[in-house]
Amino acid sequence: VQLQASGGGSVQAGGSLRLACAASGLVFDIYSIGWFRQAPGREREAVSAISASGLSAYYSDSVKGRFIISRDNAKATVYLQMHNLKPEDTAVYYCAADISGVVVTIRPPPMDEYQYWGQGTLVTVSS
């Protein structure tokens with residue numbers, strides 16, 4: 001199983017980026033996919049997650065209204081469209097897969113429930 005996160009880069013505050021998580025080696029459309037991030041000196045936190053069906057999604061309060069998660073099961077890829085980026089969004093972003101396929105929209109997905117993790121992509125937002 002491989003999860004390949006891409007799309008990170010350096011942008012100015014207010015800018016946009018789109019991250020992609022391409023999966024291989026698993027039956028993609030039964031997995032929920034989550035995006036997590038870790039800033040320097042901070043713990044990893046959940047950012048967003050999407051259910052296997054694509055019908056349920058979770059967003060952390062810090063990104064709600066600015067980030068949009070989506071998935072293309074035909075391409076085995078999940079996207080995280082990030083708008084109005086802020087310096088506090090600076091972090092390494094990781095995607096992960098959970099075979100349960102479920103996302104609870106009102107609670108952060110527990111990281112220990114995700115079986116497979118990608119290598120991360122760095123997002124740097126300058127003020």
Side-chain angles (χ1 to χ4, degrees):
V1 175
Q2 282 194 324
L3 298 175
Q4 183 73 37
S6 63
S10 297
V11 296
Q12 290 190 327
S16 298
L17 283 173
R18 188 178 77 157
L19 305 184
C21 176
S24 61
L26 74 171
V27 182
F28 182 76
D29 57 3
I30 68 172
Y31 282 79
S32 54
I33 303 295
W35 284 100
F36 302 82
R37 68 186 181 187
Q38 187 164 19
R42 301 190 65 177
E43 294 187 353
R44 193 172 297 189
E45 63 175 353
V47 175
S48 183
I50 189 166
S51 63
S53 66
L55 296 179
S56 297
Y58 163 84
Y59 296 96
S60 69
D61 288 343
S62 61
V63 307
K64 200 171 295 182
R66 299 188 296 123
F67 290 11
I68 301 171
I69 193 169
S70 62
R71 67 188 295 155
D72 184 340
N73 284 349
K75 295 182 179 180
T77 300
V78 166
Y79 303 98
L80 187 68
Q81 180 68 55
M82 307 186 294
H83 295 294
N84 190 21
L85 283 161
K86 304 176 180 180
E88 51 264 43
D89 294 319
T90 295
V92 177
Y93 284 71
Y94 300 89
C95 60
D98 172 22
I99 198 170
S100 78
V102 174
V103 166
V104 178
T105 59
I106 60 172
R107 76 165 170 92
M111 282 178 277
D112 59 2
E113 293 183 2
Y114 282 73
Q115 296 83 35
Y116 303 109
W117 289 79
Q119 85 291 355
T121 186
L122 177 63
V123 172
T124 303
V125 184
S126 57
S127 57

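Taking each heavy atom of N73 and A52 in turn, the nearest pair found is ND2-O, 3.6 Å. Heavy atoms only, all atoms of each residue included: T105 and S56 are closest at CG2-CB, 4.1 Å. When all heavy atoms are compared, the tightest approach of V103 to I50 is CG2-C, 3.4 Å. When all heavy atoms of A20 and T77 are compared, the closest pair comes out as CB-CG2, 4.1 Å. Taking each heavy atom of Y114 and P109 in turn, the nearest pair found is OH-CB, 3.3 Å.
Grouping the Ile, Leu, Val, Met, Phe, Trp and Tyr side chains by contacts below 4.5 angstrom, directly or via other members, places I33 with I99. The hydrophobic cluster containing I68 also contains L17, counting ILVMFWY residues as joined when their side-chain heavy atoms lie under 4.5 angstrom apart, directly or transitively. Placement of V92 and L80 in two distinct hydrophobic clusters is found when ILVMFWY residues are connected by side-chain heavy-atom separations under 4.5 Å, directly or transitively. At a threshold of 4.5 Å between side-chain heavy atoms, the hydrophobic network of Ile, Leu, Val, Met, Phe, Trp and Tyr places L122 and F36 in one connected group. V125 and Y94 fall into different hydrophobic clusters, where Ile, Leu, Val, Met, Phe, Trp and Tyr residues are linked whenever their side-chain heavy atoms come under 4.5 Å apart, directly or through other members.
The salt bridge (Lys or Arg N to Asp or Glu O under 4.0 Å) contacts involving residues 88-100 comprise R37-D89, R66-D89, where partners must be two or more places apart or lie in separate chains. Pairs engaging residues 1-10 under the salt bridge (Lys or Arg N to Asp or Glu O under 4.0 Å) rule: none recorded [sequence neighbours left out]. The side-chain hydrogen bond (donor to acceptor under 3.5 Å, both in side chains) contacts involving residues 3-19 comprise S16-H83, where partners must be two or more places apart or lie in separate chains. Identified under the ring pair (Phe, Tyr, Trp, His ring centres under 6.0 Å) test for residues 57-77, with sequence neighbours left out: none.
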Side-chain donor-acceptor pairs under 3.5 Å in residues 21-31, sequence neighbours left out?
none

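Summarising the geometry, atom CG belonging to L85 is positioned 10.5 Å from atom OG belonging to S126; distances are rounded to the nearest 0.5 Å.
Between the Q38 side chain and the A91 main chain, no donor and acceptor come within less than 3.5 Å of each other. A donor-acceptor distance shorter than 3.5 angstrom exists from the side chain of R71 to the backbone of S51, with no hydrogens or angles considered.
Counting heavy atoms from C-beta outward, P108 and S60 have side chains that stay 4.5 Å or more apart.
Summarising the local packing, CD of Q2 is surrounded by 12 or fewer heavy atoms from other residues, nucleotides or ligands at distances under 6.0 Å. Within 6.0 Å of CZ on R42 lie no more than 12 heavy atoms contributed by other residues, nucleotides or ligands.
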> Hey, mind stepping through L19 and V123 against side-chain contact (heavy atoms from CB on, under 4.5 Å) and telling me if it holds?
Replying inline: CA-CA 9 Å; L19 305 184; V123 172; 4.0 Å; yes

>> If you apply the rule side-chain contact (heavy atoms from CB on, under 4.5 Å), what do you find for C95 with V78, and how did you get there?
In response: CA-CA 9 Å; C95 60; V78 166; over 6 Å; no

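Residues that satisfy the side chain to side chain donor-acceptor pair (under 3.5 Å) test with T121, not counting sequence neighbours, are absent from this structure.
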